[in-house]
Amino acid sequence: MIWRKTVNVVMLALMWLAAAVVLLPLVLILVHLVREGASSINWDFFTKVQSAPGTTGGGMSNAIVGTLVLLLIASGIGLPVGIAAGIYLAENRTARLASAVRFLADVLNGVPSIVTGIFAWQVMVKPVGHFSAWAGGVALATMMIPLAARTTEEMIRTVPNSLREAALALGYSTWRTSLTIVVRTALPGIVTGALVALARVAGETAPLLFTALGNIFFTVDPNKVIAALPLNIYSFAISPYDDWHRLAWAASLVLIVLVLLISIAARYVVRPKFGKAVD
Amino acid sequence: MGGVAVGDRIYRGVTTLAGLAIVALLLYIAVEVFTGGWPVFRKFGLGFLTSSAWDPVHDVYGAAPAIFGTLVSSAIALVIATPLAVGTAVFLSELAPRWLGQPIAFLVDLLAAIPSVVYGLWGIFVLEPMMRDSIAPFLQNTLHLGGLPIFDGVSYGPGMLAAGIILAIMILPYISAVTREVLMAVPRSQREAAFALGATRWEMIRDAVIPGAKSGIVGGIVLGLGRALGETMAVTMVIGNAPTISASLFASGYTMASIIANEFAEAAGLHISALLAIGATLLAVTLVVNVLARWLVARVGVRYT
Amino acid sequence: MTTPEPLAAPAPLPRPPEPAALKAIGTTVRQPAANAGTGEVILDVTGLNAYFGAQHAVRQASIAFREREVTAIIGPSGCGKSTLLRCLNRMHETVPTARVTGRIEFHGQDLYGPGVNPIEVRRHIGMVFQRPTPFPTLNIRDNVAAGFRALPRHRRPARDEIDARVEEALRGAALWDEVKDRLKTGAIALSGGQQQRLCIARALANEPSVILLDEPTASLDPLSTQKIEELVYALRQRFTVIIVTHNMQQAARVSDRTAFMLNGELVEVSPTGKLFTTPSDPRTEAYVTGRFG
């Protein structure tokens, strides 16, 4: 009995320890980010473009705007397709084709981001002969589509079928029932899902390496190469310049704050509530 | 009246098209990547996968170093991450009081929200010096493991072990999240039955909870493996990027993802094709692994996203 | 299997002279409305069959519903009463694998004929469900006006008229006084009984001629149930009402005629008083006296 009790205590202690050890890298990373990055976040960081290699000063305005442009393109393509596909999945729950689409959406979700990147290079860069923000946006959109589709489907499924029936019984057509009653009721959840997808791709680097490529100048032209925060973090981190390392930490901090802000915004969008009308 | 039917048909058509777009996109990716790599598969045949010669200057390509690096770094990641992630999941679902469990679960999820490139930055400036100054000397001198081939040689910081550690941190939240879900799907009655038989808490976990969740936990681990195989940026930044096969975990290497990330921008001709062929191989491997993971998790009846 | 409300111990019943079955369920039957049995036939069902996949839910049902009459459909759970009801406004077909054969005439027109738009059918034949289904994203006023939103723009009434019809519908559903000061607040905040009356108001606003009620009080407390029953009784002044219920007292209290279904078959359709006192089919008698079900 003493042996069993000892084993019990030791094993439980190990599990507490595991949780503590898991949190350790998170703490280490966040501490370093703040310590190395916070001091470099100032007005210049947001307003100036990056400095020439080896010189000091400069900022990341081109990368911040570039990231926003890329996210705009990605959302513009990825969210409508993803959400519409999610509606398809939810409205055709049992259809064999829908099951196949659902499965393939999960598979697409597991495609490594670097593969998405070379795919976008193949179809968007190689044929036209130059890198562009469009290509980067398409690569990110490819990642958003399955994410948005699956969360949209999950959210629509939480809407009770009785609401759909009630609308049909009032003389709503199928499409109007789906769009103005079912999707509308699930909308807060769908928005949450869209924001989560956005947060997920905001930090992606690999799909941009051979598509958006990066740009030391300020631009918003989607036909040109464009800078992005993750790209700058990568190229600055592997550069030999201390001042660029400093900026890489600062950019990481800003990127994380951006990702967290989007995630928190997603949490604050109210979940749908149905009162007692649940079937 | 006709108008209504038309509206329904358009709505149905548009949403179905969007659903089919997912199928088309996946096929398109597979076709583009495979056709891009085709010249190399044709020239080197299956030997491409087993040859360790990677020499862009002489246009000779073999994927073995990259495949080797991918397998080794992912294996290191799994060895480190699995006990920690499963332990954390058990802690969260069986031991932690609610007030403690929820914030910790949130923090573990937060690990998944940190972009890969930030892990890479941290890896270069924090993990690599730690590797060089503490971890390697500890393994070699304190534990006297320097005689083992895997801990042989000098650590300069970057290398296979550093990549494996970073990967472990990155896949932890995925394994832990799936495991937690699976554990929570085990019916309460099973736990109570074990307690009623006089089991200690650990015996209850070992005999009543884990067995029912086993296949799902394995599924979570396989899902983590899928993540590790395809992870790019952080690995590229700490693995050292050299097309070599070395027994030592302190040596530099490549993974399939990192060789693409590192060389694609400067590649031309057959070199590009070789990188695309590696991409195609990576795609095929991750597809198989992910499908396997989904199948395992589905067996215990838990859905996850 | 849902058993009907607790009934007196079954005993061999002499019949027809003594209305023992009625005594057994412990209630009185309302006097039929003055016009009962004399109104025009508004819905005429002949040889109706309904299926879910291979399951035959309604078998060869034939029944006529008259204007301004309340007809109750009773029977044990799974007897097909809700399915029969859902065939009347073509809601049955919204379920995958559902199928209908037979004929239903509405004012002499075949509801399942070619070229008939189910959407129009549902506007003329309104429906209220077992559980209240207010639209959670709409306020009280917009919930009642929801039917107008489904109309094509050129058929949609002006705002003032919609307001007037919302008020009329809410008065018709005996809800106006309770909600007139908070029309712009969310409908979810209402109590269950109020939500159900809101759903009745929402159906009334479409100005249907027939209202189908599918166990409308099954999820409500006794007080809310009583209000709905009074409402149903009042609605017959203007509408044809068909109510599905598994509660025999309710059928007895609110209906002019009652139909009894068993295993998908329409066993008996009689004036309510007769069905509960001197049923002509032994299966009906067995059911209303609680000997099975």
Side-chain angles (χ1 to χ4, degrees), chain A residues 4-5 7-8 11-12 14-16 18-19 21-23 25-26 28-29 32 81 84-85 87-89 91 98 101 104-108 110-115 118-119 122-123 142 145-146 149-151 173-175 178 199 203 205-206 209-210 230 233-234 237-238 248 252 255-256 259 263, chain B residues 4 7-8 11 14-16 18-19 21-23 25-26 29 32-33 36 83-84 87-88 90-92 95 104 107-108 110-111 113-118 120-122 124-126 169 172 200-203 226 230 232-233 237 257 260-261 264-265 275-276 279 282-283 286-287 290-291 294 305:
Chain A
R4 285 175 58 205
K5 282 203 166 147
V7 170
N8 183 46
M11 292 312 293
L12 298 193
L14 280 179
M15 281 169 228
W16 280 82
V21 171
V22 166
L23 293 184
L26 179 74
L28 280 177
I29 290 170
H32 269 95
V81 177
I87 293 173
Y88 166 76
L89 290 176
E91 297 278 340
V101 170
L104 292 177
D106 286 344
V107 170
L108 184 57
V111 170
S113 58
I114 187 77
V115 174
I118 52 177
F119 159 73
Q122 277 273 74
V123 300
T142 304
I145 287 172
R150 294 294 270 128
T151 45
S173 57
T174 311
W175 72 267
S178 174
T205 317
L209 286 173
F210 335 115
I233 296 169
Y234 176 53
I238 61 175
S252 294
L255 184 60
I256 289 229
V259 168
S263 307
Chain B
V4 170
D8 281 349
Y11 187 71
V14 168
T15 52
T16 308
I22 289 180
V23 180
L25 196 54
L26 190 64
I29 291 176
E32 280 294 334
V33 176
L84 289 175
T88 305
V90 173
F91 168 77
L92 288 173
L95 303 179
I104 291 187
L107 290 175
V108 174
L110 203 57
L111 276 175
I114 296 177
S116 173
V117 70
V118 176
L121 178 75
W122 182 81
I124 290 179
F125 294 106
V126 182
I169 301 172
L172 261 170
T200 63
R201 190 166 278 268
W202 160 246
E203 287 164 343
T232 312
M233 293 319 296
M237 292 161 86
I260 301 172
F264 197 87
L275 293 170
L276 284 164
L282 177 60
L283 180 64
T286 48
L287 290 195
N290 277 312
V291 170
R294 260 152 242 280
T305 43

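Source: prediction; values computed, not measured. The figures here come from the full heavy-atom set of this structure, side chains too, leaving out hydrogens, waters and symmetry mates. Just so we're on the same page: letters track the sequence lines, and every chain starts at 1.
Ranked by heavy-atom pairs under 4.5 Å with chain A, the list B:Leu121, B:Leu92, B:Leu26 is led by B:Leu121. Contact count against chain A (heavy-atom pairs under 4.5 Å) is highest for B:Leu276 among B:Leu172, B:Leu276, B:Ile104. Ranked by heavy-atom pairs shorter than 4.5 Å toward chain A, the options B:Ile260, B:Ile29, B:Ile114, B:Ile124 are led by B:Ile29. Of all the listed residues (B:Leu111, B:Val33, B:Leu110), the one sharing the greatest number of non-hydrogen pairs under 4.5 Å with chain A is B:Leu111. Chain B forms the most heavy-atom pairs under 4.5 Å with one residue out of A:Val81, A:Val123, A:Val111, and that residue is A:Val123. Of the listed residues (B:Val90, B:Ile169, B:Val23, B:Leu95), the greatest number of heavy-atom pairs within a distance under 4.5 Å of chain A belongs to B:Leu95. Ranked by heavy-atom pairs under 4.5 Å with chain B, the first of A:Leu255, A:Leu104, A:Leu89, A:Ile238 is A:Leu104. When the candidates A:Ser178, A:Ala98, A:Ser263 are compared by the number of heavy-atom contacts under 4.5 Å with chain B, A:Ser178 comes out ahead.
With a threshold of 4.5 angstrom between heavy atoms, A:Leu23 approaches chain B through side-chain atoms but not through N, CA, C or O. Of the two parts of B:Thr200, the backbone and the side chain both hold a non-hydrogen atom closer than 4.5 Å to a non-hydrogen atom of chain A. Looking at A:Leu12, both its backbone and its side chain come within 4.5 Å of chain B, counting heavy atoms on both sides. With a threshold of 4.5 angstrom between heavy atoms, A:Ala248 approaches chain B through its backbone and through its side chain. Both the backbone and the side chain of A:Val107 have a heavy atom closer than 4.5 Å to some heavy atom of chain B. Contact of B:Ala261 with chain A is made through backbone and side chain together, with heavy-atom distances under 4.5 Å. Only the side chain of A:Ile256 comes within contact range of chain B, with heavy atoms under 4.5 Å apart. Both the backbone and the side chain of A:Tyr234 come within contact range of chain B, each with at least one heavy atom under 4.5 Å from a heavy atom of that chain.
Across all their heavy atoms, A:Ala18 and B:Leu84 have their closest contact at CB-O, 3.8 Å. Of all heavy-atom pairs between A:Gly203 and B:Val117, the closest is O-CG1, 4.3 Å. Scanning both residues, B:Thr16 and A:Tyr88, for their nearest heavy atoms gives CA-CD1, 3.5 Å. When every heavy atom of A:Pro112 is checked against every heavy atom of B:Thr286, the shortest pair comes out as CD-OG1, 3.4 Å. Considering every non-hydrogen atom in both A:Val101 and B:Gly19, the closest pair reads CG1-O, 3.5 Å. The two residues B:Met237 and A:Ala237 make their nearest non-hydrogen contact at CE-CB, 3.6 Å.
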Output, in order, the C-alpha distance, side-chain angles, deciding distance and verdict of side chain to side chain contact (heavy atoms under 4.5 Å, CB included) for A:Phe119 and B:Leu283. CA-CA 11 Å; A:Phe119 159 73; B:Leu283 180 64; over 6 Å; no

Step by step, would you call A:Ser113 with B:Thr232 a side chain to side chain contact (heavy atoms under 4.5 Å, CB included)? CA-CA 8 Å; A:Ser113 58; B:Thr232 312; 4.2 Å; yes

Would you sort out whether B:Trp202 and A:Val7 count as a side chain to side chain contact (heavy atoms under 4.5 Å, CB included), showing the intermediate values? CA-CA 8 Å; B:Trp202 160 246; A:Val7 170; 3.5 Å; yes

Where do A:Leu28 and B:Val126 land on the side chain to side chain contact (heavy atoms under 4.5 Å, CB included) test, with the steps shown first? CA-CA 9 Å; A:Leu28 280 177; B:Val126 182; 5.7 Å; no

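By the ring-ring contact (aromatic ring centres under 6.0 Å, His included) test, B:Tyr11 is found to be paired with no residue, residues two or more places apart in sequence or in another chain being considered. With sequence neighbours excluded, the residues forming a salt bridge (Lys or Arg N to Asp or Glu O under 4.0 Å) with B:Glu203 are A:Arg4, listed by chain and number.
Side-chain contact between B:Leu275 and A:Phe210 is absent, with no heavy-atom pair separated by less than 4.5 Å.
The CE atom of A:Met15 lies 10.5 Å from the CZ atom of B:Phe91; values are rounded to the nearest 0.5 Å. Of the inter-residue distances, the one linking B:Trp122 atom CH2 with A:His32 atom NE2 reads 8.0 Å to the nearest 0.5 angstrom. The distance from atom CE of B:Met233 to atom CD1 of A:Ile233, rounded to the nearest 0.5 Å, is 10.0 Å. In this structure, the separation between CZ on B:Arg201 and CG on A:Asn8 is 8.5 Å, given to the nearest 0.5 Å.
A distance-only check finds a donor-acceptor pair linking the side chain of B:Asp8 to the backbone of A:Thr174 [under 3.5 Å]. At least one donor-acceptor pair closer than 3.5 Å links the side chain of A:Gln122 to the backbone N or O of B:Glu32.
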